Amino acid sequence: MKRDMILKATGAAIVPLLWAASLGSASAQGAARTPRTFNSTVTHTGPAGNTLTRQSSLTTNGQGGFTSNSTWTGPKGNTATAQRTGQYNAATKTYTSSGTLTGASGKQSTFNTTVQGNGNGGYTRTTTLTGPNGNTVTTNGQGQYNAATGTFNQSRTTTYPNGQSSSESRSVSVAPAQPQGN
C-alpha cells in the first residue's frame, strides 16, 4: 500500500513536470502566462468494488512555478495528502520541486526533485524521499531523446535505506508513419 501511494504520488508529479517543461520556450522568451488552476478527480475501482479517489488541484503562477495539492480517499474513508511546489527556470533548464506526503496515520514524508535539461533532448533527474523515521530513498535517472531515430532512452537507479538498490532501463521508439496505399 505504501509503495503504491508513493508510486501514485510520483505519477501525479509528472503532470506538473510536463507542464513546467512546456513553459520552457515561453519563459525563455520572457513571455508571462496567465496564472491558471487545474482540478481533477480520478476514481479507481478494484475487482472487489473498493474505490480509491484522488482529488487534485494545480495552480500556476504564470512564470514557471506551481503549487499542487492532492488528497487520496480510500475505501474505508482514510485519507492521505500531498502538497508540492515547483519552479522551472528556463535560463538554466532546471526544474525543482519539493513537497510533503501525509499518510492516513498523520505521519509525514518529504520529497525533493531536481531535473536538469541538457539542451540536446536529454535530462538528469534526482529525487530524494525522506520517510517519517528519517530513512531516505534516492532515485537518480537520466533520459535522452534521439530525434533522428525517434527513440527515447531512459534509465534510473533507486537506492533504499538499507543500501540496496534497483535499476530500470527502458527504450521507447516511435515508428515513422507509413505512406498510405493507392
Side-chain angles (χ1 to χ4, degrees), residues 1-46 51-117 122-143 152 154 156 158 168:
M1 175 74 171
K2 185 186 286 187
R3 180 176 182 253
D4 289 341
M5 288 298 285
I6 291 171
L7 291 174
K8 287 177 183 175
T10 303
I14 292 173
V15 171
L17 176 60
L18 293 175
W19 172 83
S22 71
L23 275 184
S25 61
S27 296
Q29 297 170 0
R33 295 200 175 212
T34 303
R36 296 181 180 198
T37 298
F38 303 88
N39 296 300
S40 71
T41 300
V42 178
T43 301
H44 300 275
T45 303
T51 60
L52 172 68
T53 302
R54 182 187 77 220
Q55 293 182 307
S56 298
S57 174
L58 179 128
T59 301
T60 68
N61 68 5
Q63 299 172 358
F66 73 92
T67 58
S68 69
N69 295 289
S70 295
T71 300
W72 291 266
T73 304
K76 295 181 181 177
N78 295 336
T79 61
T81 62
Q83 291 81 36
R84 172 186 294 260
T85 60
Q87 183 70 37
Y88 179 71
N89 182 324
T92 62
K93 296 180 179 72
T94 304
Y95 164 81
T96 57
S97 71
S98 61
T100 303
L101 301 168
T102 304
S105 66
K107 292 185 178 182
Q108 292 188 329
S109 300
T110 59
F111 55 91
N112 295 290
T113 298
T114 301
V115 180
Q116 177 68 56
Y123 71 91
T124 58
R125 176 183 175 158
T126 301
T127 299
T128 302
L129 173 68
T130 303
N133 298 325
N135 295 326
T136 62
V137 176
T138 302
T139 302
N140 292 299
Q142 60 186 6
F152 179 71
Q154 181 183 42
R156 64 180 168 202
T158 301
E168 176 182 15

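Because only heavy atoms are used, hydrogens play no part in the values below, and waters and symmetry mates are left out as well, while side chains stay in. Please read these numbers as outputs of a predicted model, since none were measured by experiment.
- Atoms OG1 and CG, on Thr110 and Leu129 in that order, are 7.0 Å from each other to the nearest 0.5 Å.
- With 3.5 Å as the limit, one finds a donor-acceptor pair spanning the side chains of Thr102 and Gln108.
- Nearest heavy-atom pair, Gln83 versus Phe111, reported as atom, atom and distance to 0.1 Å: O-CZ, 4.0 Å.
- Atom CG of Asn69 and atom CG of Asn39 lie 10.0 Å apart (nearest 0.5 Å).
- Between the side chains of Thr130 and Thr136, not a single donor N or O lies within less than 3.5 Å of an accepting N or O.
- A donor-acceptor contact shorter than 3.5 Å is absent between the side chain of Thr128 and the backbone of Asn112.
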>> Between Gln116 and Thr94, does the side-chain hydrogen bond (donor to acceptor under 3.5 Å, both in side chains) criterion hold? Intermediate values first, please.
In response: CA-CA 5 Å; Gln116 177 68 56; Thr94 304; 2.7 Å; yes
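- Using modelled atom types and a 3.5 Å distance limit, the side chains of Thr81 and Thr71 yield no donor-acceptor pair.
- Contact of the Thr60 side chain with the Phe38 side chain is registered, since non-hydrogen atoms from C-beta on lie closer than 4.5 Å.
- Listed by chain and number, the residues in a side-chain contact (heavy atoms from CB on, under 4.5 Å) with Phe152 are Tyr123, Tyr145, Gln154 (sequence neighbours excluded).
- Looking at Arg125 and Tyr95, their side chains never come closer than 4.5 Å, going by heavy atoms from C-beta outward.
- A distance of 8.0 Å separates CG in Leu58 from OG1 in Thr37, rounded to the nearest 0.5 Å.
- Here Gln87 contributes atom CD and Asn61 contributes atom CG; the two are 5.5 Å apart, rounded to the nearest 0.5 Å.
- In plain terms, the two heavy atoms of Lys93 and Tyr88 that are nearest each other are CA-OH, 3.7 Å.
- Qualifying side-chain contact (heavy atoms from CB on, under 4.5 Å) partners for Asn133, counting only residues two or more places apart in sequence or in other chains: Asn135.
- No side-chain N or O of Thr139 forms a donor-acceptor pair with one of Arg156 less than 3.5 Å apart.
- Distance check: Leu52 CG to Thr73 OG1 gives 8.0 Å after rounding to the nearest 0.5 Å.
- Arg54 and Ser56 form a side-chain donor-acceptor contact under 3.5 Å, judged by distance and modelled atom types alone.
- In this structure, the side chains of Pro35 and Thr59 stay at 4.5 Å or more apart for every pair of heavy atoms.
- When all heavy atoms are compared, the tightest approach of Ala80 to Gly103 is CB-CA, 4.2 Å.
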